[in-house]
Amino acid sequence: MIVDGAGTIIAGHARVLAARQLGLPTVPTIRVEHLSEAERRAYILADNKIAENAGWDPELLRVELEFLSRIDIDVDVDLTGFAPAESTCC
């Protein structure tokens, strides 16, 4: 997560929500105090646009979801946001 000098989240809201769902007490944080108000706002917009334009390598996604579904972990794979069926969809 990235926060400004006041501790306001600039990027990483989803990571915070995921950490809460997992019961994690802390989230790794990078503090950026050097950004002007305009730079901070531009960064927020760019960060969200990058995520919006992101894509997935279907084969790599399949491999990762299959791996997670086979191993014994204390984390619900559904928390990734992908349904198990998506591992075979592409």
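Only this structure's heavy atoms are used, side chains among them; waters, hydrogens and symmetry mates stay out.
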Peer 1: Would you say V27 ends up clustered with L17 if hydrophobic residues are merged whenever their side chains have heavy atoms under 4.5 Å apart, either directly or through other cluster members?
Peer 2: no

Peer 1: Give, for atom CG of L65 and atom CZ of R70, the distance between the pair rounded to the nearest 0.5 Å.
Peer 2: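 Going from CG on L65 over to CZ on R70, the span is 11.0 Å.
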
Peer 1: Do the side chain of Q21 and the main chain of A18 share a donor and acceptor less than 3.5 angstrom apart?
Peer 2: no

Peer 1: To the nearest 0.5 angstrom, please state how far the CZ atom of R31 sits from the CG atom of D4.
Peer 2: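 Interatomic distance, R31 CZ to D4 CG, rounded to 0.5 Å: 7.5 Å.
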
Peer 1: Is there a path of hydrophobic side-chain contacts, each under 4.5 Å between heavy atoms of I, L, V, M, F, W or Y residues, that connects L61 with I71?
Peer 2: yes

Peer 1: Rounded to the nearest 0.5 Å, what's the gap from CZ on R20 to CZ on R15? Could you check?
Peer 2: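 Those atoms lie 14.5 Å apart.
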
Peer 1: Okay, side chain of N48, backbone of I44: is any donor-acceptor separation there less than 3.5 Å?
Peer 2: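 Present.
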
Peer 1: For the atom pair CZ (R62) and CH2 (W56), what is the distance rounded to the nearest 0.5 Å?
Peer 2: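 Between atom CZ of R62 and atom CH2 of W56 there are 15.0 Å.
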
Peer 1: E39 and H34: which non-hydrogen atoms are nearest, and at how many Å?
Peer 2: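 Distance-wise, the nearest heavy atoms are OE1-O, 3.9 Å.
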
Peer 1: Atom OG1 in T29, atom CD1 in I2: separation rounded to 0.5 Å?
Peer 2: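 The distance works out to 10.0 Å.
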
Peer 1: Look at the side chain of R40 and the backbone N and O of L35, then say whether any donor-acceptor pair between them is shorter than 3.5 Å.
Peer 2: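 Not confirmed, R40 side chain does not pair with L35 backbone.
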
Peer 1: Would you say CD1 of I30 has more than 12 non-hydrogen atoms from neighbouring residues, nucleotides or ligands within 6.0 angstrom?
Peer 2: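 No - once you tally the heavy atoms of other residues, nucleotides and ligands closer than 6.0 Å, there are 12 at most.
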
Peer 1: Can you find a heavy atom in the side chain of V32 that is under 4.5 Å from one in the side chain of V3?
Peer 2: no

